[in-house]
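The structure appears right after this line, and notes come after that.
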Amino acid sequence: MNKRPTLYQEHVKMPNQSIGINCFFYDCANAPYSSLFPLHWHEHFEMIFIHEGELEIVIENEKHVFREGEIAVINPNYLHDGTSFAKETKLYCLMIDMNLFRSRFSEMAEESFITPLINGKISFQPKISGDEALCDLMKKCYRIFTGEEYAYQLLLKSLMFELFYRLFRSYVQENNADPSKHAVSVGRERVNAILEYVNEHYAEKIMLEDLVSVVHINKFYICKIFQQCTGKTVLNYINVVRVQKAVEKLISTNDSVTNIAFAVGFQDLNYFSRIFKSVMGVSPTDVRKKYREDKNNI
């Protein structure tokens, strides 16, 4: 995979660093807003099993809708964001540190399977449907992980190897190079630079001329390659980042909506309200109210 913008890297915190695995169950009814998680990437391997409901995830600029019984697969270093979900959605999430599979006794397996996956030479297909055995395996991982019975670490590690065995047997795909590979690589490097710039300067007025000085190509090509790589226009992406920052402030501070709008880079309150609702599906005050109600009910 190409180098990713570090500011969009999620540094996954493992509950137990000695295991290298995190597994949890999540009820989306508890989510304070409509976007489950923002655009990010991480070096860990991730699987999301939809127990109930529906979840929409954009993975490497491809939109996928996952429904009950399906599994979303996030390969290491892949950009992804949870764009929307049904409120009744319940899911199991499994995150695995790839170092779990490194051992001086398994060099051949690591060289043949794990290293190519980490380097992006191969990957697993993003959607898995109708594999009850794999779904049951994920639920078993959750039960073992949360049960923490004596020596559960050994069983959990064995389950990870079984899980990857099943994935490599049935769902692996090669990422073959094509003639435009170099052009795509250069385009992504420039887009990554833009992502970093927006994340650093979202509170300021951002003009296309500012991005020209960052990636050193003209405005036309900036717009073209950005949309090719992300599926969004530059302006749309800037607005999404600003809205996400506004949500963080709405649920973590008592600042007024007006002050928050200006703090995240919007120059007009009406425009902020319109963009916020188009992205989140609800108003800023609704997000704050919903979050506080849920918090009080805990």
Side-chain angles (χ1 to χ4, degrees), residues 1-12 33 35-44 57-63 74-83 118-120 123 175 177-250 252 259-269 271-276 278-280:
M1 290 297 295
N2 302 295
K3 184 180 179 182
R4 292 301 187 189
T6 55
L7 288 174
Y8 276 80
Q9 181 179 7
E10 179 185 30
H11 298 282
V12 178
Y33 41 89
S35 178
L36 196 58
F37 49 85
L39 182 68
H40 70 285
W41 65 277
H42 44 69
E43 295 175 344
H44 291 64
I57 307 177
V58 175
I59 306 171
E60 287 294 305
N61 195 27
E62 290 189 10
K63 184 181 294 185
I74 315 295
N75 291 283
N77 305 313
Y78 273 37
L79 277 170
H80 56 288
D81 61 317
T83 52
I118 294 173
N119 293 340
S123 62
N175 295 334
D178 57 47
S180 61
K181 182 180 179 182
H182 177 69
V184 171
S185 176
V186 172
R188 285 193 174 184
E189 287 179 6
R190 286 167 170 162
V191 167
N192 288 346
I194 293 171
L195 292 177
E196 291 194 7
Y197 183 88
V198 172
N199 197 66
E200 287 181 335
H201 300 276
Y202 67 89
E204 306 167 16
K205 187 175 182 179
I206 301 176
M207 307 290 290
L208 280 175
E209 288 76 9
D210 300 320
L211 302 180
V212 169
S213 64
V214 172
V215 296
H216 309 294
I217 56 176
N218 67 44
K219 292 186 288 185
F220 171 78
Y221 284 108
I222 285 176
C223 296
K224 183 177 180 180
I225 65 170
F226 192 88
Q227 186 146 16
Q228 285 177 340
C229 291
T230 68
K232 300 177 175 67
T233 66
V234 175
L235 178 59
N236 176 252
Y237 185 75
I238 293 172
N239 283 337
V240 168
V241 171
R242 286 172 171 164
V243 167
Q244 289 170 346
K245 299 296 182 181
V247 169
E248 293 174 9
K249 292 180 181 295
L250 284 165
S252 63
N259 287 343
I260 288 174
F262 290 124
V264 299
F266 286 97
Q267 305 299 314
D268 180 88
L269 184 59
Y271 181 66
F272 165 72
S273 299
R274 187 166 69 251
I275 295 299
F276 190 99
S278 70
V279 173
M280 304 306 300

Q | Test log, rule side chain to side chain contact (heavy atoms under 4.5 Å, CB included), inputs His80 and Val58 | A | CA-CA 5 Å; His80 56 288; Val58 175; over 6 Å; no
Show the nearest heavy-atom pair for residues [X] and [Y], with the distance to one decimal.
X	Y	result
Val214	Tyr197	CG2-CD1, 3.5 Å
Arg242	Tyr202	NE-O, 2.7 Å
Phe262	Gln267	CE2-O, 3.4 Å
His201	Ile206	O-CD1, 3.5 Å
Leu208	Cys223	CD1-SG, 4.0 Å
Ala246	Val264	N-CG1, 3.7 Å

Q. With sequence neighbours left out, which residue pairs that include part of residues 203-224 fulfil the ring pair (Phe, Tyr, Trp, His ring centres under 6.0 Å) condition?
A.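 Listed once each, the pairs would be none.
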Q.
Between Ile217 and Ile225, is the side chain to side chain contact (heavy atoms under 4.5 Å, CB included) condition met? List the steps.
A. CA-CA 10 Å; Ile217 56 176; Ile225 65 170; 3.8 Å; yes
Hey, could you give me the [atom1]/[atom2] distance between [X] and [Y], rounded to the nearest 0.5 Å?
X	Y	atom1	atom2	value
Glu248	Ile260	CD	CD1	11.0 Å
Ile74	Ser123	CD1	OG	11.5 Å
Ile118	His44	CD1	NE2	11.0 Å
Glu60	Asn77	CD	CG	9.5 Å
Asp81	Asn61	CG	CG	9.5 Å

**Q.** Test log, rule side chain to side chain contact (heavy atoms under 4.5 Å, CB included), inputs Met207 and Asp210
**A.** CA-CA 5 Å; Met207 307 290 290; Asp210 300 320; 3.6 Å; yes
Q) Short question: side chain of Asn75, backbone of Tyr78 - any donor-acceptor pair under 3.5 Å? A)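 Between the backbone of Tyr78 and the side chain of Asn75 there is no qualifying donor-acceptor contact (under 3.5 Å).
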Q: Using the side chain to side chain contact (heavy atoms under 4.5 Å, CB included) rule, pick out the option among Val279, Ile275, Val234 that qualifies with Asn239.
A: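 Passing option: Ile275.
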Q.
Could you check whether any side-chain heavy atom of Asn199 comes within less than 4.5 Å of a side-chain heavy atom of Lys245, counting everything from C-beta outward?
A.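 Counting from C-beta outward, Asn199 and Lys245 do come under 4.5 Å.
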Q. Taking only residues two or more places apart in sequence, or in another chain, which ones meet Phe272 in a ring pair (Phe, Tyr, Trp, His ring centres under 6.0 Å)?
A.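 Testing Phe272 for ring pair (Phe, Tyr, Trp, His ring centres under 6.0 Å), a comparison that skips the adjacent residues, returns Phe266, Phe276.
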Q. Above 12 or not: heavy atoms from other molecules or residues under 6.0 Å from NZ of Lys249?
A.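 No - once you tally the heavy atoms of other residues, nucleotides and ligands closer than 6.0 Å, there are 12 at most.
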